[in-house]
Amino acid sequence: MDNKKLAGLLFPNIDKTPEYYEEKYPERGLEKGAMVTRLAPSPTGFIHLGNLFGAVVDERLASQSGGVFILRIEDTDAKREVEGAVELTISTMKHFGIEFTEGATSEGETGEYGPYRQRQRKDIYQAFAKYLVEQGKAYPCFCTEQDLEDIREQQKEAKIDFGYYGEWAKHRDMPLEEIEKNLAEGKEYVLRFRSEGKKDNYVKVLDGIRGEIEVPENIQDVVILKSDGIPTYHFAHAIDDHLMRVTHVVRAEEWLSTLPIHVQLFDALGFDKPLYCHTAQLMKVDNGNKRKLSKRKDPELGLDYYRQEGYTVDAVWEYLLTILNSNYEAWRDKNPDADRREFKFTTDKMTKSGTLFDIMKLNNISKDVIAKMTAEQVYEGLSGWAKEYDEGFHDVISRAEDKTIKILNMGRNAKKPRKDIVTWSQCKEFIKYFYNEYFEVLDEYPGIPQDKIKKILTEYIDTYNHADEKNDWFEKVKVITESAGYTTNTKEYKEDPEKFGGSIIEVTTIIRIALTGKANAPDIWEIQQILGKEDTMKRMQDALNKL
RNA sequence: GGCCCUAUGGUCAAGCGGUUAAGACAUCGCCCUUUCACGGCGGUAACGGGGGUUCGAUUCCCCCUAGGGUCACCA
C-alpha cells in the first residue's frame, strides 16, 4: 500500500505539516509549575452545575499557579448546536465568577493558540490526519450506517464485544485501487485510526485525582474524522490539548472509559500526555437510587435555576469548594474571613466517588455567607436580583431604599448575627410584609381562644405609645399578659401549663401575627419602629376587625 | 452483557496497620431567651459481605455484592 499516495488522494488541498503547527504553537515558556487548563463545552445551550463544578477546578488550578485558563468551544457536532449558546456560556460563567484568560470571547477570541472554535480548526486536524494516513495509522472506511448496524447485530447475536475492530474492521485493509474507485464514485467515508492495541494489554496512566489507574489498550478502529471532515471528540482533544499546550485536562469521570483511545492517539501522534484529572460525577437521588445529574431530567440543576432563585455567587463557590476539596471546610473554619483564593486547591484532595448534591448544605452555607454581609451589600444583592427577576418588587424596594436597608439591618450587627436569608427570592418572602403592597392580614392564631385574642389586641391598641423605648414597651406587654391571666415567666408556664392557660409567648405571638402576618419574624419592637406609628396601628386595628 | 470507576452514619466526609472511628449538614433533646431567630451543650447514627496477608485490619490483596459510568460519523 502506497500510504503517501493515499494521503494525497484523501487530502489533496492540505499542504501544511505537523511540524508547521508545532512551530506555530510553541511551548508556552511559563514558569515552572504553571498550569494550563481549559473548559471545553459544546454549545448546546444548557449549562449545567456540573460544568461549573469542573470550571471551578480549572480556574483554581490555572489561577493559583499563575497559568492559563482557556475557553475552547467544541462545536464539532453541528446538529446539536444551539444559536447563542456560546454567548450564554460565557455570560453565565462570568456571572458565576469564572473568567478565562484565553480563548473564545463573545466578540471573537484572544490568545496566540487559536482558533478556539473547533470548526475553524479543520485544516489543522486534517494536517495531522494526513500525517497519520502517511504513516499507515489511519485509513478511510466506506461503511454506511446500515453496514455498521448489521455488524452490531451480528455481534449482539454472537455475544461478543461491539464495535469496529479485528475481523469486523472490513475496510481496514482495502486495496488502494478499490479506495480510488470508491472515491471516484463519490462515496462518503470516515477516517478511522488503525489500532494496534491488544485486548489483554494494559497501560498505566497517572490520574491527578485517582492516582495510578490501569486501563486496557483500545482495540477499536475509532473514527477520527467524520464524513464532513470534522474530527470526533477524541481526535480533536488530542490535537487541541497538545497544540494549546494544555497541562491538566479536567473532565468528568464519564471520560474514563475512552481514556485508552486518547492514550493511543497521543502516542501515535508523538505527543506528551497531559495530566488527566477525572472528577467524580455530581449525583442526585432518584427513586431511592443515586444517578448522574442529567440535563434532560434535572432542569433544576441548570445554572440559571440558581440565578433565578437568587443564590449568591459566593455561596455557590463555597459549596462547590467544600465538596470539591475535602479539606476546604476545615480551612474555612479556621479562616472565616479569608478570601477563598488564599486556599491552596489540590487535585489529590478531590473525592473519587460520586457526590450527592445536597441543597440543605448549600442553604446552610448560603445563610452564613449572607449573614456576614453588611445591610448595604445585602440590599445591593437583593436589588440586583429583583431588577432581573421581579420588577414589581424592585420598584417597591427602590422607592423605599432607606427603609429596606433598615429592615435588612435588623439583627445584623450583633456578635452572632441572625441567619434568616438563604437566597434573594426567599429574602423577599421574608421581608415583604413590611411593604403595604404585599402585606396580608393573617387571622389564624394557633390554639388561642378568640376572646383572649380580642382582649389582648384591644388592650395593646389602647396602651400603645409609639414613642416608648423598648423596655417601656415591653413592660406594657407584661401588664397585658397578666391581665389576660397568663404568666410572664415562660419557665413557670412550661412546668405547669394548665395553671396559666398561656404565657407571654401567646401575647407576643398574637402581636407578631397581627403585625407581620407571620409567626417567624424578628424583634417586634424593632419592626414597629421601622413600620412607623401609622402602619403599626392600622395593622393592629385591621387584625382586630377581622376577628 | 463486556469493560472501567467507586464503596466509612440519612448526606458531605476525615482516616492512609494499633484511634473511645474526627468534623460539617440534617435530625432529636436540653440550655439561653419577652417573641422569632442566633448561639451554647448533648444525643441518635457508619467502616456492605466473605476470604486472605499480619501479632493486629476501616486501612493492603483477592472474590462476591451494591451503586455509578461507558460501549456513536454526541461530546
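Each chain gets a letter, A, B and so on, in the order its sequence line appears, and its residues count up from 1.
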Do Tyr233(A) and His262(A) have ring centroids that are under 6.0 Å from one another?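 Yes - the distance between ring centres of His262(A) and Tyr233(A) falls below the 6.0 Å cut-off.
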
Minimum-distance nucleotide to [X] side chain [options: [options]]:
X	options	value
Arg80(A)	A24(B), A75(B), G68(B)	A75(B)
Asn364(A)	C73(B), A26(B), C36(B)	A26(B)
Thr355(A)	A13(B), C74(B), G1(B)	A13(B)
Gln281(A)	G69(B), U34(B), A24(B)	G69(B)
Lys352(A)	C12(B), U6(B), A14(B)	U6(B)
Lys361(A)	A13(B), G1(B), A24(B)	A24(B)
Val190(A)	A75(B), A24(B), C73(B)	C73(B)
Ile504(A)	A75(B), A24(B), U34(B)	U34(B)

Sticking with atom [atom1], work out how far [N] lies from [M], rounded to a whole angstrom.
N	M	atom1	result
U20(B)	A7(B)	P	25 Å
A45(B)	G9(B)	C1'	5 Å
C16(B)	A22(B)	P	13 Å
G67(B)	U8(B)	P	14 Å
U58(B)	U19(B)	P	10 Å
U59(B)	G48(B)	C1'	16 Å
A46(B)	U27(B)	C1'	16 Å
C60(B)	A14(B)	P	14 Å

Is the count of non-hydrogen atoms from other residues, nucleotides or ligands lying under 6.0 Å from Glu214(A) atom CD greater than 12? yes

Going by atom types only, do Asp150(A) and Gln146(A) share a side-chain donor-acceptor pair under 3.5 Å? yes

What pattern of brackets, bars and dots sums up RNA chain B from 5' to 3', given Watson-Crick or G-U wobble pairs under 3.5 Å, [ ] for crossing pairs and | for another strand? ((((((((.[[[..)..(....]]].(((((.......)))))....[[[[[..)....]]]]])))))))....

Ignoring backbone atoms, establish whether Tyr202(A) has a side-chain N or O less than 4.0 Å from OP1 or OP2 of C4(B). yes

5′-ward residue of the pair His234(A)/Val215(A) relative to RNA chain B: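 Here Val215(A) is the residue nearer the 5' end.
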
Could you pick out which residue, Ala519(A) or Glu145(A), lies toward the 5' side of RNA chain B when each is mapped onto its nearest nucleotide? Ala519(A)

For residues 216-228 of chain A, which residues have at least one heavy atom under 4.0 Å from RNA chain B?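 Close to the strand are Pro216(A), Val223(A), Lys226(A), Ser227(A).
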
Please name the residue in the list Arg192(A), Arg172(A), Arg194(A) that meets the salt bridge (Lys or Arg N to Asp or Glu O under 4.0 Å) test with Asp221(A).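 For Asp221(A), the salt bridge (Lys or Arg N to Asp or Glu O under 4.0 Å) check succeeds only for Arg172(A).
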
